[in-house]
Protein chains: 2
Amino acid sequence: MSITIKDIAEKAGVSITTVSKIINKKDDDISDKTRNKVLKVIDEYNYIPSALATGLVTKKTNTIGLLLPDISNAFFAELARGVEDGANCEGYNVILCNTDDDPEKENQYLSVLKSKHVDGIVFLSTALSNHGEIRELNSKGFPVIVLDRAFDDEDILAVFIDNVMGGYLATKHLTEFGHEAIGCITGPLKPKLAIQRLEGYKKALKEAHIDFNEELIYEGNFKTKSGELGAKKLLKAGATAIFASNDMMAYGVYKAVHDEGLSIPYDISVVGFDDIFLSEILSPPLTSVKQPTYEMGIISAAMLIKKIKNEELKQLRVEYKPTLSVRKSVAFPADKV
Amino acid sequence: MSITIKDIAEKAGVSITTVSKIINKKDDDISDKTRNKVLKVIDEYNYIPSALATGLVTKKTNTIGLLLPDISNAFFAELARGVEDGANCEGYNVILCNTDDDPEKENQYLSVLKSKHVDGIVFLSTALSNHGEIRELNSKGFPVIVLDRAFDDEDILAVFIDNVMGGYLATKHLTEFGHEAIGCITGPLKPKLAIQRLEGYKKALKEAHIDFNEELIYEGNFKTKSGELGAKKLLKAGATAIFASNDMMAYGVYKAVHDEGLSIPYDISVVGFDDIFLSEILSPPLTSVKQPTYEMGIISAAMLIKKIKNEELKQLRVEYKPTLSVRKSVAFPADKV
DNA sequence: TTGTACGCGTTATCAA
DNA sequence: TTGATAACGCGTACAA
């Protein structure tokens with residue numbers, strides 16, 4: 001059916017070797033005449049080498065796997081875009097896998113990715129479990145990079161941000177405005193990520209000589225609904241400001257505050273985390289901790305590919321520093337105006 | 001390095017053929033004893049067949065390509081999630097390709113997808129060009145499905161919504177509230193999609209015996225900024241309500257209205273299109289035309305795979321009907337209260 | 001400068 | 001009930 005290297009060789013009246021060399025630019029020793037002849041035939045018949053056959057012999061597929069919880073989450077989508085761009089620019093393709101943070105799905109995907117001989121894997125998950133597989137792959141020398149979280153293992157490639165600093169920046173912004181009753185809606189407190197953001201929160205409080213108050217903490221799950229629930233509780237607890245550990249939950253805070261007939265930022269100040277592009281569109285625009293999301297995607301693909309190609313890596317783990325995108329969701333507390 | 005079918009055969013003391021048959025469940029003629037023996041060895045050595053080698057002989061890769069403009073766009077991400085879920089549940093993987101609507105990138109991706117022998121392609125684009133490649137693939141019998149738009153070609157698989165109806169629903173909702181000066185911010189009026197939504201708008205006006213007024217039309221580009229610009233113009237033109245052809249532009253309308261110190265819905269009513277999750281969180285929550293985005297993704301993967309497997313397709317083109325998510329952004333016009 | 005021949009890891013045909 | 005063996009399409013020593 002489809003045209004093969006053999007066909008091209010025949011049509012051009014040369015050997016398979018010659019065609020192969022020309023395709024792979026290993027044609028120093030081929031005469032211009034032959035090369036042109038072959039190139040012309042290739043073009044004429046619109047010949048594209050089979051990556052399957054090539055992969056079988058070279059052990060390279062120029063394909064990487066991308067495991068993430070859910071591409072319909074704006075934050076992961078942004079990361080994914082970075083990964084794909086980074087991969088594409090090095091000539092790699094990306095197989096997308098939505099795991100829903102389910103260890104079983106992760107293992108299934110890992111298995112098919114192995115069978116398809118991907119050259120490497122970018123792994124994102126918010127859950128704790130299943131690090132075993134990743135560790136095992138890595139220890140076998142299989143290229144793996146963990147994105148958006150730091151494994152304890154120092155020998156596993158990783159790209160992540162300083163979450164403590166993020167929580168600190170958000171909370172400090174609030175204390176600087178004079179807030180003292182600052183609520184915090186955290187993510188699930190098992191994985192480190194949420195714990196670290198909470199740590200940053202505590203650090204900022206301490207610096208401002210504000211006592212930590214358990215009543216002002218609400219453990220959410222990074223989803224909008226839990227932000228809404230958290231806000232209701234924290235409002236009752238007397239919070240004048242809320243730090244939500246991600247923007248999705250901050251949206252929930254907006255909803256709850258509006259439902260209560262209150263106003264942001266005059267009745268209550270809000271800071272988010274992630275700085276999704278939508279946050280700018282809200283009214284008032286949400287002040288949020290910004291991660292260089294897209295860039296982190298790009299860099300992780302680039303690092304992974306370096307590892308694949310056995311090129312030297314300056315560092316195995318790169319930590320980004322978050323910044324604060326200051327907008328209009330924070331004001332002085334009502335009682336101080 | 002990695003373990004092959006040959007190794008398994010040796011360890012189990014049987015032939016390669018036997019192992020292959022067992023793996024592929026074509027083992028009616030294999031004794032239970034041998035089967036168990038082989039299965040045990042496979043398990044013990046954690047053997048996973050190489051999809052490359054298999055693909056080379058079966059001509060099937062169980063992989064499909066997904067071409068879309070930009071995964072970081074929430075709407076495409078939702079579609080992509082559907083496509084991946086639909087594919088995964090049939091045992092297929094998805095190669096993600098961000099084209100930015102650039103015909104050149106589209107062609108590059110198409111080319112590598114061919115070389116990697118994907119079994120089929122899901123194609124999304126908002127631009128006009130480059131249908132040629134898709135048509136050619138389709139005419140060659142290669143499985144292709146177009147998502148989120150209808151090609152004129154009736155023989156190309158397609159999944160899309162009734163955009164005329166969407167525009168109609170949005171506008172009718174506004175006329176029913178008594179609005180007469182209804183502005184419309186359209187998308188780029190070259191591709192059909194935006195034209196059809198505008199058609200729906202016109203249809204609803206006609207039904208309500210309202211004359212079409214060119215002054216109340218603004219051609220946007222589906223981005224927030226153009227919604228803002230459009231709103232400013234339409235406000236000046238005396239509109240009491242605005243239909244924005246997508247939610248991103250509706251967000252721009254919100255911004256412009258707030259900047260003018262006006263209120264939604266009391267001073268001006270707004271209806272959007274797409275019903276992105278964020279629209280519910282805005283204040284007031286945005287009334288918007290809803291497409292079954294995720295479902296469309298699933299169904300398109302399912303259809304594509306049916307085509308790949310040469311199974312019968314009930315219909316080549318499936319058109320979904322949009323619905324209206326009624327929320328709080330529409331009220332009676334101020335002069336009628 | 002070019003060609004022969006083998007191997008990559010499978011499936012499938014046919015024979016035993 | 002099982003096993004040899006020829007493909008599949010390509011890269012690459014090695015030979016010419």
Side-chain angles (χ1 to χ4, degrees), chain A residues 1-39 41-42 45-63 91 111-119, chain B residues 1-39 41-42 45-63 91 111-119:
Chain A
M1 193 68 186
S2 78
I3 180 142
T4 77
I5 195 173
K6 200 173 148 195
D7 300 323
I8 299 298
E10 271 174 22
K11 309 283 182 191
V14 299
S15 76
I16 292 181
T17 311
T18 307
V19 178
S20 176
K21 278 183 176 173
I22 292 172
I23 290 169
N24 299 302
K25 306 279 178 217
K26 298 186 177 173
D27 51 359
D28 312 335
D29 58 354
I30 306 269
S31 71
D32 283 0
K33 199 180 138 202
T34 340
R35 182 186 305 110
N36 290 332
K37 189 171 57 184
V38 172
L39 251 21
V41 177
I42 287 180
Y45 287 84
N46 218 302
Y47 166 66
I48 302 178
S50 161
L52 291 181
T54 305
L56 198 52
V57 18
T58 61
K59 308 285 183 196
K60 291 287 168 212
T61 54
N62 288 293
T63 304
S111 178
V112 296
L113 290 179
K114 275 185 220 167
S115 84
K116 294 195 176 171
H117 288 262
V118 294
D119 297 332
Chain B
M1 194 67 186
S2 78
I3 180 139
T4 76
I5 195 173
K6 199 172 148 196
D7 302 321
I8 299 298
E10 271 174 23
K11 309 283 182 192
V14 298
S15 76
I16 292 181
T17 311
T18 306
V19 179
S20 175
K21 278 183 177 171
I22 292 173
I23 291 170
N24 298 302
K25 307 278 176 217
K26 299 186 177 172
D27 51 358
D28 312 334
D29 56 356
I30 306 272
S31 72
D32 283 359
K33 198 180 138 203
T34 351
R35 183 187 304 113
N36 290 333
K37 189 171 57 182
V38 172
L39 251 20
V41 178
I42 287 180
Y45 287 84
N46 217 302
Y47 166 66
I48 302 176
S50 160
L52 291 181
T54 306
L56 195 54
V57 21
T58 62
K59 309 284 184 198
K60 293 285 168 214
T61 53
N62 288 294
T63 304
S111 179
V112 296
L113 290 178
K114 275 186 220 166
S115 83
K116 295 195 177 172
H117 288 264
V118 295
D119 296 332

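In this text, all values refer to a predicted model and were calculated from it rather than measured experimentally. For the numbers below, each heavy atom of this structure counts, side chains included, while hydrogens, waters and symmetry mates do not. Reminder, nothing fancy here: chain letters follow the sequence lines and each chain counts from 1.
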- Mind listing the closest non-hydrogen atom pair of A/V41 and A/A12 along with its distance? CG2-CB, 3.8 Å
- Query: So, for B/S50 and A/L56, which heavy atoms are closest and what is the spacing to 0.1 Å?
  - Reply: OG-CD1, 4.4 Å
- Query: Among D/dT5, C/dT11, D/dC10, which is the nearest nucleotide to the side chain of B/T17?
  - Reply: D/dT5
- If only side-chain N and O atoms of B/S20 are considered, is one of them under 4.0 Å from the OP1 or OP2 phosphate oxygen of C/dT11? yes
- Pairing residues for B/I48 by the side chain to side chain contact (heavy atoms under 4.5 Å, CB included) criterion, not counting sequence neighbours: A/S111, A/K114, A/S115
- Heavy atoms only: give me the nearest A/Y47-A/I5 pair and the separation to one decimal. OH-CB, 3.4 Å
- Minimum-distance nucleotide to B/S15 side chain [options: C/dT10, D/dG11, D/dA4]: D/dA4
- Query: Between NZ of A/K11 and NZ of A/K37, what distance do you get to the nearest 0.5 Å?
  - Reply: 15.0 Å
- Bend angle of the helix from C/dT1-D/dA16 to C/dA16-D/dT1 from five-pair axes at both ends, rounded to 10°? 40°
- First locate atom OG of B/S2, then atom CG of B/N46, and finally report the distance between them rounded to the nearest 0.5 Å. 11.5 Å
- Listed partners of A/K21 passing salt bridge (Lys or Arg N to Asp or Glu O under 4.0 Å), at least two apart: A/D29
- Hey, could you give me the CG/NZ distance between B/L52 and A/K59, rounded to the nearest 0.5 Å? 8.5 Å
- Considering only heavy atoms, which members of residues 21-32 of chain A lie under 4.0 Å from some atom of DNA chain C? A/K21, A/D29, A/I30, A/S31
- Message: Under a 3.5 Å distance rule, please check whether B/K116 uses its side chain to pair with a backbone N or O of B/T61 as donor and acceptor.
- Response: no
- B/I5 CD1 - D/dT5 C1' separation (whole Å): 14 Å
- Message: Just the rounded figure in Å: distance from P of D/dG9 to CD of A/E10.
- Response: 13 Å
- So does A/T18 get a side-chain nitrogen or oxygen closer than 4.0 Å to the phosphate oxygens (OP1/OP2) of C/dG3? yes
- Message: Can you list everything that forms a side chain to side chain contact (heavy atoms under 4.5 Å, CB included) with B/K60? Sequence neighbours excluded, please.
- Response: B/T58, B/D119, B/I308
- Message: Between P on D/dT2 and CD1 on B/I8, what's the gap in Å once rounded to a whole number?
- Response: 17 Å
- Query: Rounded to whole angstrom units, what separation is found between the NZ atom of A/K33 and the C1' atom of C/dT1?
  - Reply: 12 Å
- Residue-phosphate contact under 4.0 Å: A/T34 side-chain N/O, C/dT2 OP1/OP2: yes
- Task: Return the value, rounded to whole Å, for the distance between atom NE2 of B/H117 and atom C1' of D/dG9.
- Result: 8 Å
Pull out every protein N or O sitting under 3.5 Å from an N or O of nucleotides 6-8 of chain C, one pair per line with the distance.
unit_1: C/dC8; atom_1: O3'; unit_2: A/K59; atom_2: NZ; d: 3.1

- Spacing of B/I16 atom CD1 relative to D/dA7 atom P, expressed in whole Å: 17 Å
- Task: Write down the distance between NZ (A/K37) and C1' (C/dT1), rounded to a whole number of angstrom.
- Result: 12 Å
- Option among B/I22, B/I23, B/T17 that satisfies the side-chain contact (heavy atoms from CB on, under 4.5 Å) test with B/V19: B/I23
- Please assess A/R35 against A/V38 for the test side chain to side chain contact (heavy atoms under 4.5 Å, CB included), listing each intermediate value before the final yes or no. CA-CA 5 Å; A/R35 182 186 305 110; A/V38 172; 5.9 Å; no
